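Pasting in a structure now, in structure tokens, and then I'll have a few things to ask.
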Number of protein chains: 2
Amino acid sequence: MFNCYPSININITAVRDNYLAIKDYVSNNTVVSAVVKANAYGLNAKIISDSLYDAGCRDFWVAYLKEAIDIRTVLPNDANIYVLQGFDKDDIDLLKQYRLTQVINSIEEFNIAKGNGLDLVLFFDTGLSRLGIRPDDVDLLLPDLKDEKISYAMSHLACAEDIYSPYNLKQKQVFEEILSKIMDIKKVKASLSASGGTFLGPEYQYDMVRIGAFLYGIQPSPSVLQAKNVVSVKTQVLQRYSIQPGDGVGYGFTFKANRNTKVAIVSIGYSDGIHRKLSNIGKVLFYSNTGECYKSQILGNISMDLLACDVTTIPDECTCVGHEAVLLDDNYTINDMAAELGTVTCEVLTSLNYNSMRVHITYNT
Amino acid sequence: MFNCYPSININITAVRDNYLAIKDYVSNNTVVSAVVKANAYGLNAKIISDSLYDAGCRDFWVAYLKEAIDIRTVLPNDANIYVLQGFDKDDIDLLKQYRLTQVINSIEEFNIAKGNGLDLVLFFDTGLSRLGIRPDDVDLLLPDLKDEKISYAMSHLACAEDIYSPYNLKQKQVFEEILSKIMDIKKVKASLSASGGTFLGPEYQYDMVRIGAFLYGIQPSPSVLQAKNVVSVKTQVLQRYSIQPGDGVGYGFTFKANRNTKVAIVSIGYSDGIHRKLSNIGKVLFYSNTGECYKSQILGNISMDLLACDVTTIPDECTCVGHEAVLLDDNYTINDMAAELGTVTCEVLTSLNYNSMRVHITYNT
């Protein structure tokens, strides 16, 4: 069968290396936990959880109870799995059965959870205005706190990617105030930061950092630590030809040639997760046998299954029919694509169509 | 288990109704075929092909050979399945084994295919500058055409969504010239139009139209025919509270309240396929028990698993914790969301994360 299918390679070794790099980076007493929600940002939560457990990780975060039960199949009971969102009394039995820790996001959820012997994390909203116990509600918790098993009090920063944002310190101060009220009643560990916050320095790391983005190759800015690239996306050239000045390319002719232009038609499109917004913006890489890398410009609107790119100045032997065309790799990473798209790198990751039967997934270990 | 998972409902009856509406609309002698590539734009190619076969459809288009083999499992041999892209000599046996028709996109592919007794479609590029036999290459085909089984000569319009575009007629003229050369040698049927071209009128419909977009609820403009909505996306409210003037919402605080604002936190995010670009733009719908519909504005940046919306002016009983929050339905369709995103409606469809274990998929038949 003509091997013209897109393929995604996920470098599990790089995920482990990124985990170990963070462990080296943070304070000695800070636990490095792994955020594997949304199927590990698309990359396969089971495979990644399994590999990180081997590397020493014992704490894993998911969004939903369903996701927690799924990764428990590969994680022994000495691994802690935290469920970030959604809780009702019907969940109590499953939480116990799979030895899961429930994150409590409101006083109402706390009142349902208390007295059931559950492992709990208390999540406080210190300014992000997303899920979390409101600062005004903290006093309502205190009377019932003593008898509960609270592994962590946690919060989450809104502007951690911007090291100069005054909100980082402001949220930290609100968090400290809440912590001190809690600590008056019982000693709990604290966690404030995900990848971004971790790089704000040791005073933001507390007892645990929750690392997702960096594990999967998302580069913090400024780059105090270099994330290894995890994801590559490749496909093939289906056709190549020259167009004349005035010829349009793709739906609506959003590109028109102003010179003789050699076009390669490449077997991937927006249904595979290459955002259509990369039309006339994104890049496709071609390599020579000796490893030289050539960057080609995407021409015209990206289609559902295909895109066109300008290979005029690239040696013919690198762009012939059947030759590999690279959408993402170490030389044009998810970070580069996100910058061109004007979105967060996490969205580039979660948008890739990992579960389509026509995209071939491979894992490097 | 707290039922806080996003769910996608796919209305198969609406797909069938859209198919039957197109059959009514087109000329009597025009075959209506179904485009089910990219897993029927995400909606499940097998289920949709099966249902359309029952409704009388006998012609189905996919992008890849793999997709063709997949839908052959539900389509009897009297259904024609056309493979749009990628062809090599290694494919010949599989094409015969599964009784598939190969679309030929270049003179090189034709030279590999000829003499093997394959069912072929010849795809000509009449100006889109995507895949297809180049007009200059048509003469090279002619000597070998006589003995080949060519079911259709086809092309594809670049600007069919714009009924005023002069390129529609221009491409049609190029197509006619190619057809007349072919017809001098052998009689073949012709197909030029997908959904958009079909609505340009009978002279664009030829022997077959290839309908994808309209089947799945994508509304042509101008609306000569009303597409029934196919896709609904729903989830639930996880938390609700009020914020004060000056409070920010979500990462980077791209929304700041200028008055007391009631916020609902809803259990869906960009990893579920709700584009992050809908931040501060998109809508969430809430319904009262009596069916009144309230539109709420998304506030701040959409997160991976969550989003916030403004429910200040919506009756409390419609937005309480556990209440249904609607991202897409008949009152806010994929077409509406695409307009707000500034992309094609097809991308809204293919972006939804149908295969995530945390999204529950249901089918209405």
Side-chain angles (χ1 to χ4, degrees), chain A residues 1-2 4-5 37-39 41-42 63-67 70 84-88 90-91 94 105-106 108 127-131 134 158-159 167 238-239 241 243 247-253 263 265 267 270-271 276-277 300 303-306 308 321 343-344 346-347 350-351 355-358, chain B residues 1-2 4-5 37-39 41-42 63-67 70 84-88 90-91 94 105-106 108 127-131 134 158-159 167 238-239 241 243 247-253 263 265 267 270-271 276-277 300 303-306 308 321 343-344 346-347 350-351 355-358:
Chain A
M1 200 182 310
F2 182 44
C4 68
Y5 303 102
K37 63 191 171 72
N39 202 24
Y41 299 19
Y64 291 97
L65 178 51
K66 247 193 215 180
E67 296 178 313
D70 187 49
L84 280 162
Q85 67 191 55
F87 172 66
D88 202 358
D90 297 341
D91 300 341
L94 285 169
N105 288 300
S106 68
E108 292 77 12
L128 176 58
S129 300
R130 213 173 51 175
L131 283 187
R134 314 295 304 158
C159 304
Y167 292 108
L238 286 179
Q239 194 174 0
Y241 50 80
I243 59 173
D247 287 351
V249 176
Y251 288 119
F253 294 143
V263 172
I265 308 298
S267 196
Y270 62 73
S271 76
R276 187 168 168 278
K277 204 185 159 195
S303 297
M304 191 180 288
D305 317 284
L306 294 165
V321 172
T343 190
V344 292
C346 291
E347 192 181 23
T350 60
S351 297
N355 295 301
S356 144
M357 59 109 57
R358 73 194 209 181
Chain B
M1 201 183 307
F2 183 41
C4 68
Y5 303 102
K37 62 191 172 72
N39 202 23
Y41 298 21
Y64 292 97
L65 178 51
K66 245 192 217 180
E67 296 178 312
D70 187 49
L84 280 161
Q85 68 191 55
F87 172 65
D88 202 358
D90 298 341
D91 300 341
L94 285 169
N105 287 300
S106 68
E108 292 77 14
L128 177 58
S129 301
R130 214 174 50 175
L131 283 188
R134 313 297 301 160
C159 303
Y167 292 108
L238 286 178
Q239 195 174 359
Y241 50 81
I243 59 173
D247 286 351
V249 176
Y251 288 119
F253 295 143
V263 172
I265 308 297
S267 195
Y270 62 74
S271 77
R276 188 169 168 279
K277 204 186 159 194
S303 297
M304 190 180 288
D305 316 284
L306 295 165
V321 172
T343 191
V344 291
C346 290
E347 193 181 22
T350 60
S351 298
N355 296 301
S356 143
M357 60 108 57
R358 73 195 209 181

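All chains are named by letter (A, B, ...) in the order of the sequence lines, taking the proteins before the strands, and each is independently numbered beginning at 1. Just so it is clear, the model here is predicted, and its values are computed rather than measured. Scope of the values below: all heavy atoms of this structure, side chains included, with no hydrogens, waters or symmetry mates.
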> Are the side chain of Y167(A) and the backbone of G248(B) linked by a donor-acceptor contact shorter than 3.5 Å?
Replying inline: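 It does not hold such a pair.
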>> Would you compute the distance between atom CG of D247(B) and atom OG of S129(A) and round it to the nearest 0.5 angstrom?
In response: 5.5 Å
> Under the 3.5 angstrom rule, does the side chain of E108(A) hit a backbone N or O of V321(B) as a donor-acceptor pair?
Replying inline: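 Pair absent, no side-chain N/O of E108(A) close to backbone of V321(B).
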>> Out of L306(B), I243(B), L84(B), V249(B), return the one with the most heavy atom pairs under 4.5 angstrom to chain A.
In response: L306(B)
>> Using heavy-atom distances under 4.5 Å, tell me whether L131(B) contacts chain A through its side chain, its backbone, both, or neither.
In response: both
>> If I measure from the heavy atoms of chain A, does N105(B) come under 4.5 Å with its side chain, its backbone, both, or neither?
In response: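 Both backbone and side chain.
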> Does Y64(A) have R358(B) sitting over its ring (NZ/CZ under 6.0 Å from centre, angle to axis within 45°)?
Replying inline: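 No - R358(B) does not lie over the ring of Y64(A) by the 6.0 Å and 45° rule.
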>> With a 4.5 angstrom heavy-atom cut-off, is it the side chain or the backbone of Y251(A) that approaches chain B, or both, or neither?
In response: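 For Y251(A), heavy atoms of backbone and side chain both lie under 4.5 Å from chain B.
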>> In the structure I gave you, are the side-chain heavy atoms of Q85(B) and Q239(A) within less than 4.5 Å of one another anywhere?
In response: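 They are not in contact (no side-chain heavy atoms under 4.5 Å apart), so the answer is no.
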>> Within this structure, what is the CG-OG distance for the pair L238(B) and S106(A), rounded to the nearest 0.5 Å?
In response: 9.5 Å
> What distance separates R134(A) CZ from Y241(B) OH, expressed to the nearest 0.5 Å?
Replying inline: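 Spacing of CZ (R134(A)) from OH (Y241(B)) equals 4.5 Å.
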> Among G252(B), C159(B), A63(B), G250(B), who wins on heavy-atom pairs under 4.5 Å with chain A?
Replying inline: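 Ranked by contacts with chain A, first place is G250(B).
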>> Shorter than 4.5 Å, heavy atoms on both sides: which option in S356(B), S303(B), A308(B) has the most such pairs with chain A?
In response: S303(B)
> With a 4.5 Å heavy-atom cut-off, do Y270(B) and V344(A) have their side chains touching?
Replying inline: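 They are in contact (side-chain heavy atoms under 4.5 Å apart), so the answer is yes.
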> Between R130(A), K37(A), M357(A), E67(A), which has the largest tally of heavy atom pairs under 4.5 Å with chain B?
Replying inline: R130(A)
>> Can you tell me which portion of L128(B) sits under 4.5 Å from chain A's heavy atoms? Options are side chain, backbone, both or neither.
In response: both
> Side chain, backbone, both or neither: which part of S351(A) has an atom under 4.5 Å from a heavy atom of chain B?
Replying inline: neither
>> Heavy-atom pairs under 4.5 Å with chain A - which of G300(B), G42(B), S267(B) has more of them than the others?
In response: S267(B)
